[in-house]
Protein chains: 2
Amino acid sequence: MERVYNFSAGPAMLPEAVLEEAARELVNYKGTGMSVMEMSHRSSSYDQIHQDTQDLLRELMNIPDHYEILFLQGGASTQFAMVPLNLMTQHGKADYILTGNWAKKAYDEAVRYGDVAIAASSKDANFTYIPNMAEVTFRDEIDYVHICSNNTIYGTRFRPDNLPQTGDVPLVADMSSNILSEVYDVNDFGLIYAGAQKNMGPAGLTVVIIDKALIQEPQPSTPTMLTYKTHADKNSLYNTPPTYTIYMTKLVLEWLKDLGGVEAMAKINQEKADLLYDFIDQSDFYRSAVTAKDDRSLMNIPFLTPNADLDAQFVKEAAINGLHTLKGHRNVGGLRASIYNAMPIEGVQALVNFMDTFEKNHR
Amino acid sequence: MERVYNFSAGPAMLPEAVLEEAARELVNYKGTGMSVMEMSHRSSSYDQIHQDTQDLLRELMNIPDHYEILFLQGGASTQFAMVPLNLMTQHGKADYILTGNWAKKAYDEAVRYGDVAIAASSKDANFTYIPNMAEVTFRDEIDYVHICSNNTIYGTRFRPDNLPQTGDVPLVADMSSNILSEVYDVNDFGLIYAGAQKNMGPAGLTVVIIDKALIQEPQPSTPTMLTYKTHADKNSLYNTPPTYTIYMTKLVLEWLKDLGGVEAMAKINQEKADLLYDFIDQSDFYRSAVTAKDDRSLMNIPFLTPNADLDAQFVKEAAINGLHTLKGHRNVGGLRASIYNAMPIEGVQALVNFMDTFEKNHR
């Protein structure tokens, strides 16, 4: 069987060229006589991979030198605790913006560690839009403001020109599902975190980009491994990092660089998203719940057929046609196409073609 | 270049047959049209891998049904906090046995979360032996006793017949560097944890085997992700697990099962260790710091030449001869051969042959 188009929300498609390269050098990496999986994390061969991955990410995202890049484990879910434990230390206060499920989970964990308030929310319309940040204000003396930049389940995202205006207060973003997909200015953030398994590599790596000024003593009783300083002091080699996952991320970043970097990728992503949104919008069979068009995610596109039975039928028939994992998240139902960086435009075109046929057969 | 013998303490060698199988199915796993790296952790294809890996480990280690097998992230270092946070909840007390560097690290983290005492230590002889457990007693009303079953740096291990006699008190073991290498009775333990990157797979997975009776409310303010209950309730799918690393572990466990299981592996490991120890002991050029022969590790074998210059020379010449990563840990100096399950006996024989030649050339 040939490779399929996989619309999974994560773990998700990786570039085929990257997988082929990984397969070629899996048993014996560049004449070292061993797999990357087998290398000591203290060896010079691995060290080069570690450093190259950091350098590539710094270059691709234009990360200034006063930010540290950390390679951690435990997913964004672990960051939900690490962020308050490490950052909510001066005032014991933080403001969160709720635009979906993951933003809410981050908030729920943070309230356990301090005085946390909701500065804005789009719950009133089932998270189908992003509040206008020009109108959002924050409390005095807070340690940070937290957002989830892209809402995987509801299909919305903070446009780079609609970020919270936090002044001197650090802005923290969970960018798990849209990091490297369009150009954000890292200078707008104090801390960015992202699980690798959507736009960077396999599951098991969490990238943290943190302003060095924020690397301070955490709340007392914070586990050593949940302290940013532990990892920053040792260049993410305090203990054994997920070496192979970092290597895979390096290959993906090289692929992205060869393709022209984030700006070029953003253009392609916009084309891919337009293709699908335009088709949905012109149809009276399919519809998007996200009516705030400017806030639509370029990565996760939920949509609906006229009823739940047809949704289920769609998932089934699509899979037979090589279009996989299109079922919507249980919170919203319907369908969802996740079209991360590695999804080729041919995959989106194939989906649109299938949608067209399905509509004709079932309307 | 051919594959080399890699004596790294971890990440370490993986069976070549496993690497070849992984390479073959990396781009397209068993006709699914996608890589395991790309599979949704909620998909049936991945679910089968997840379940198979658990089942294989349960079979190989004879894990009774009243133990839960968890797939976590963050390495043994994260367990150093999770164990006290989750288990030191009834009496707020635990006893630790210090037999090396990692046991000490576990202790250092635990003292932050309760009343922790050292029940026994081999620090008096630079950790070159394991105290006789028949003579070790514990405090009353403690929540658990903690050991590190194999000391990667110092080259000692708790024999299965020299475990702490803790009665009703749960015994907790960091088995990172000798899990699956010889037969331990899981019933002797309340909790076993192990990083995968020595005997199970690539770095980035931590296996926890825990008596279900110990899965309780943790200390207040324990991060959700550092709570065993979080993961046990969701079969280690609370958030995205390190799916590919789990898959690699499955392949290694299948290899181990095909080879005859842990008992057969233990016999081979004993042969491999005997080959090297016998050579060291008969030599008046090389020596082992671990004079307590019964306590010697089967996995990590530190040894010394007559002086530090020759040690350095040895590492250099060995590498030229395809024998890699033989430098001792900075805490003890000298040399170290880590001969985990995946190191073939041919590798140990090649090392002994080289040692013989080196001795003749440099004595």
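Here is the naming used below: chain letters follow the sequence lines, and residue numbers restart at 1 for every chain. Please read all numbers here as calculations on a predicted model, not as lab measurements.
For Ser221(A), the parts sitting under 4.5 Å from any heavy atom of chain B are the backbone and the side chain alike. With a 4.5 Å cut-off on non-hydrogen atoms, Glu109(B) touches chain A through its side chain but not through its backbone. Contact of Met13(A) with chain B is made through backbone and side chain together, with heavy-atom distances under 4.5 Å. Contact annotation for Met82(A): neither backbone nor side-chain heavy atoms come within less than 4.5 Å of a heavy atom of chain B. Contacts of Tyr113(A) with chain B are made by side-chain atoms alone, with heavy-atom separations under 4.5 Å and no backbone atom involved. Both the backbone and the side chain of Ala203(A) come within less than 4.5 Å of a heavy atom of chain B. Residue Pro241(A) touches chain B through its backbone alone, counting heavy-atom pairs closer than 4.5 Å. Contact of Tyr5(B) with chain A is not made at all, since no heavy-atom distance falls under 4.5 Å. Only the side chain of Lys105(B) has a heavy atom closer than 4.5 Å to any heavy atom of chain A.
Looking only at distances, a side-chain donor or acceptor of Asn6(B) sits under 3.5 Å from a matching main-chain atom of Glu38(A).
For the set Leu85(A), Val36(A), Thr222(A), the entry with the most heavy-atom pairs within less than 4.5 Å of chain B is Thr222(A). In terms of heavy-atom pairs under 4.5 angstrom with chain B, the leader among Thr224(A), Asp108(A), Asn239(A), Thr78(A) is Thr224(A). Taking chain B as the reference chain and counting heavy-atom pairs below 4.5 Å, the highest number among Thr245(A), Leu14(A), Thr325(A) is found for Leu14(A). Annotation: maximal heavy-atom pairing with chain A below 4.5 Å, among Gly75(B), Ala12(B), Ser35(B), occurs at Ala12(B). Comparing Leu72(A), Thr240(A), Leu26(A), Leu205(A) by how many heavy-atom pairs each has under 4.5 Å with chain B, the most go to Leu26(A). Options Ala196(B), Ser77(B), Ala81(B) differ in how many heavy-atom pairs under 4.5 Å they form with chain A, and the most are formed by Ser77(B). By number of non-hydrogen pairs under 4.5 angstrom with chain B, the leading residue of Gly10(A), Pro242(A), Pro11(A) is Pro11(A). Contact count versus chain A (heavy atoms, under 4.5 Å) is highest, among Gln197(B), Gln219(B), Arg24(B), for Gln197(B). In terms of non-hydrogen atom pairs under 4.5 Å with chain A, the most contact-rich of Ala342(B), Pro220(B), Gly204(B) is Gly204(B).
Between atom CG of residue Leu19(A) and atom CG of residue Asn28(B) there is a gap of 10.0 Å, rounded to the nearest 0.5 Å. To the nearest 0.5 Å, atoms OG1 (Thr32(B)) and NE2 (His324(A)) are separated by 8.5 Å. Between Ser8(B) atom OG and Met34(A) atom CE the span is 7.5 Å, to the nearest 0.5 Å.
Nearest approach of Pro202(B) to Met37(A), heavy atoms of both residues: CG-SD, 3.7 Å.
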